*Asks:* 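What follows is a structure written as structure tokens; I'll ask about it next.
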Protein chains: 2
Amino acid sequence: MNKSEVPDEVINRLYIYARCLEGFREEGKKSFSSDDIADRLNIKSTLVRKDFSYIGTMGKRGVGYDTEEVLKEVNQIAFPIKERKVALIGVGKLGSALLNFYGFKTQGFKIALAFDKDRRKIGSEIRGIKIDDINNFKKRVKKEGIKIAIIAVPSEEVVNVIKEIKNSCIEAVLNFTPSYLSSLNNCSNDFIIRNIDLSSELARLSYYLSEKESTKRN
Amino acid sequence: MNKSEVPDEVINRLYIYARCLEGFREEGKKSFSSDDIADRLNIKSTLVRKDFSYIGTMGKRGVGYDTEEVLKEVNQIAFPIKERKVALIGVGKLGSALLNFYGFKTQGFKIALAFDKDRRKIGSEIRGIKIDDINNFKKRVKKEGIKIAIIAVPSEEVVNVIKEIKNSCIEAVLNFTPSYLSSLNNCSNDFIIRNIDLSSELARLSYYLSEKESTKRN
DNA sequence: GTAGATTTGTTATTATAATCACAAAGTGAG
DNA sequence: CTCACTTTGTGATTATAATAACAAATCTAC
């Protein structure tokens with residue numbers, strides 16, 4: 001099956017399935033039914049089966065799915081590359097936390113380069129990564145063949161960072177700045193972008209909470 | 001218009017619109033057309049207009065929308081409560097970064113309580129917040145009337161944290177643990193949950209990158 | 001005031017995603 | 001072997017979301 005025929009929504013759920021299956025594995029659950037997953041994730045079992053059918057996963061009728069087999073297949077699609085180097089831009093509080101974040105490593109990602117514009121930070125080292133001057137970004141990223149950048153700078157810096165990235169061989173961006181980047185704000189190259197807006201995430205929670213509170217009152 | 005009639009997809013975009021409008025404001029752009037937003041966000045202008053119609057925003061035909069007016073209206077819906085206190089569970093690298101994160105404050109969120117199980121951390125202070133023993137969670141959260149919790153513990157701790165939360169007056173959860181929580185894993189109360197899985201986010205980028213790379217080759 | 005250019009607001013249409021419904025395949029007890 | 005029970009896989013159906021199409025409103029220039 002051609003990957004690109006798999007709908008994005010299904011791809012998104014793949015990562016959720018992966019976590020769930022890892023859970024099954026830890027619990028020693030060797031096999032599972034679509035209902036097992038569905039119950040745990042609060043979705044319909046038909047959705048699980050249909051998703052699995054997209055990625056070609058095969059269960060046994062009357063029996064279910066083999067945990068290891070499906071996990072392997074899901075991982076093959078969701079994590080197609082074993083090792084991927086990444087560049088971090090902005091080594092403030094959030095940036096440092098990301099540098100120290102163990103979860104990236106376990107999923108095969110390595111922050112190989114870290115950049116900042118602050119003279120006091122440049123040259124210092126975190127977890128064996130020497131923080132480099134953002135002015136060297138293009139050169140160093142090219143040399144390492146890095147295509148993914150994480151932006152974790154204050155929002156007022158994002159404009160400069162975008163310039164730097166446009167000018168480099170970066171093709172995908174994980175943006176923690178509270179400015180929504182879309183295709184790196186309409187440059188000709190097409191970038192792959194994911195925006196993580198932490199305060200908006202809290203706000204969304206708060207929104208649904210308020211909604212719940214108001215319906216309770218009425 | 002009743003809030004609950006606004007589709008979730010529209011609500012999600014509200015936060016994106018808000019960022020965009022803040023951008024307009026900073027640029028001194030007093031008014032804008034649906035095309036202005038659409039171009040910047042790489043979406044269709046009809047979608048913008050339709051979304052705005054849901055929230056009752058009114059533009060002027062032949063003219064456009066007033067930046068301040070729309071921003072006010074969007075914010076009223078997207079950020080219905082001016083001040084919301086939040087509890088943080090897990091003051092490791094990520095937790096500390098969140099405690100220091102300025103963006104929460106500007107959006108009206110305050111991490112009022114922070115908890116950990118590590119004896120060495122309990123009692124110490126970050127940004128004026130004294131780190132408390134997780135065993136006091138229920139009591140303290142109730143006293144402060146907090147309904148939102150942020151989980152930033154290592155994944156092996158999440159089971160215990162869930163127990164603690166179920167047992168408390170928490171109603172909404174922002175989960176940074178790489179375990180997908182759905183309705184706090186099927187307890188009777190219905191929780192509002194948003195999962196932020198940082199390594200999955202990177203993995204998603206990597207997926208689309210690989211896809212791009214492979215189509216380029218073919 | 002009118003014509004031509006803009007731009008909104010909304011209905012109709014199309015596209016996409018989720019769910020249902022059920023046949024097909026497998027299991028296990030007797 | 002047969003019957004009752006599970007559970008998958010998928011075509012048909014329904015629900016939801018995005019886009020297109022266009023009338024209605026406003027603006028500008030003359």
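Each chain gets a letter, A, B and so on, in the order the sequences are listed, and its residues count up from 1. Note that the structure is predicted; figures quoted are calculated from it, not measured.
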*Asks:* Which nucleotide, C:dA18, D:dT7, D:dT10, lies nearest any side-chain atom of A:S53?
*Replies:* D:dT10
*Asks:* Using whole Å, what does the distance between atom P of nucleotide D:dA25 and atom CZ of B:R61 come to?
*Replies:*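 For the pair B:R61 CZ and D:dA25 P, the rounded distance is 6 Å.
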*Asks:* Any N or O donor-acceptor pair linking the side chain of B:K50 to the base of C:dT10 at under 3.5 Å?
*Replies:* no
*Asks:* Taking OP1 and OP2 of C:dT8, is either one under 4.0 Å from a side-chain nitrogen or oxygen of B:S34?
*Replies:* yes
*Asks:* Mapping A:K60 and A:V10 to their closest nucleotides on DNA chain C, which lands nearer the 5' end?
*Replies:*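 Result: A:V10.
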*Asks:* Return the value, rounded to whole Å, for the distance between atom NZ of B:K44 and atom P of D:dA21.
*Replies:*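 In whole Å, D:dA21 P and B:K44 NZ are 12 Å from each other.
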*Asks:* With a 4.0 Å cut-off on N to O distance, would you call B:E27 and B:R40 a salt bridge?
*Replies:* yes
*Asks:* Within this structure, what is the CE-to-C1' distance between A:M58 and D:dT7, rounded to whole angstrom?
*Replies:*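 Result: 15 Å.
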*Asks:* For B:I43 and D:dA18, what is the distance between atoms CD1 and P respectively, to the nearest whole Å?
*Replies:*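 In whole Å, D:dA18 P lies 9 Å from B:I43 CD1.
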*Asks:* Between B:G64 and A:D8, which is nearer to the 5' end of DNA chain C once each is assigned its nearest nucleotide?
*Replies:* B:G64
*Asks:* Quick check: are there more than 12 heavy atoms from other residues, nucleotides or ligands sitting under 6.0 Å from NZ of B:K166?
*Replies:* yes
*Asks:* OP1 or OP2 of D:dT26 versus the side-chain N and O atoms of B:Y65: is any pair under 4.0 Å?
*Replies:* no
*Asks:* Check the distance between D:dT8's C1' and A:I55's CD1 and give it to me in whole angstrom.
*Replies:* 15 Å
*Asks:* Nearest heavy atom decides the nucleotide; on that basis, is B:R49 or A:G62 closer to the 5' end of DNA chain D?
*Replies:* A:G62
*Asks:* Figure out the CG/C1' separation between B:D36 and C:dT8, and round it to whole Å.
*Replies:* 13 Å
*Asks:* Identify which nucleotide among D:dT19, C:dG9, C:dG26 has an atom closest to any side-chain atom of A:V63, counting heavy atoms from C-beta outward.
*Replies:*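 Out of D:dT19, C:dG9, C:dG26, the nucleotide with an atom closest to A:V63's side chain is C:dG26.
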*Asks:* Can A:K60 and A:D66 be counted as an ion pair, charged N to O under 4.0 angstrom?
*Replies:*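 Answer for the salt bridge query: no.
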*Asks:* Look at B:T46 and D:dA20 and indicate whether a side-chain polar atom (N or O) is within less than 4.0 Å of OP1 or OP2.
*Replies:*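 It does not, given that no N or O in the side chain of B:T46 lies less than 4.0 Å from OP1 or OP2 of D:dA20.
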*Asks:* Run the salt-bridge test on B:K30 and B:E68 with the 4.0 Å N-O cut-off and return the result as yes or no.
*Replies:*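 Salt bridge between B:K30 and B:E68, a charged N being under 4.0 Å from a carboxylate O: no.
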*Asks:* To the nearest angstrom, how far is A:D51 atom CG from C:dT16 atom P?
*Replies:* 17 Å
*Asks:* Looking only at side-chain atoms of B:E9, point me to the closest of C:dT7, D:dA18, C:dA18.
*Replies:*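 It is D:dA18.
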*Asks:* Taking B:E157 first and then B:K117, would you say they form a salt bridge - that is, a charged N and a carboxylate O separated by under 4.0 Å?
*Replies:*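 Yes, this pair counts.
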*Asks:* Nearest-Å distance, OH (A:Y54) to P (D:dG11)?
*Replies:*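 So the two atoms are 11 Å apart, to the nearest Å.
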*Asks:* Would you indicate which nucleotide in D:dG9, C:dT8, C:dA18 comes nearest to any side-chain atom of A:L47?
*Replies:* C:dA18
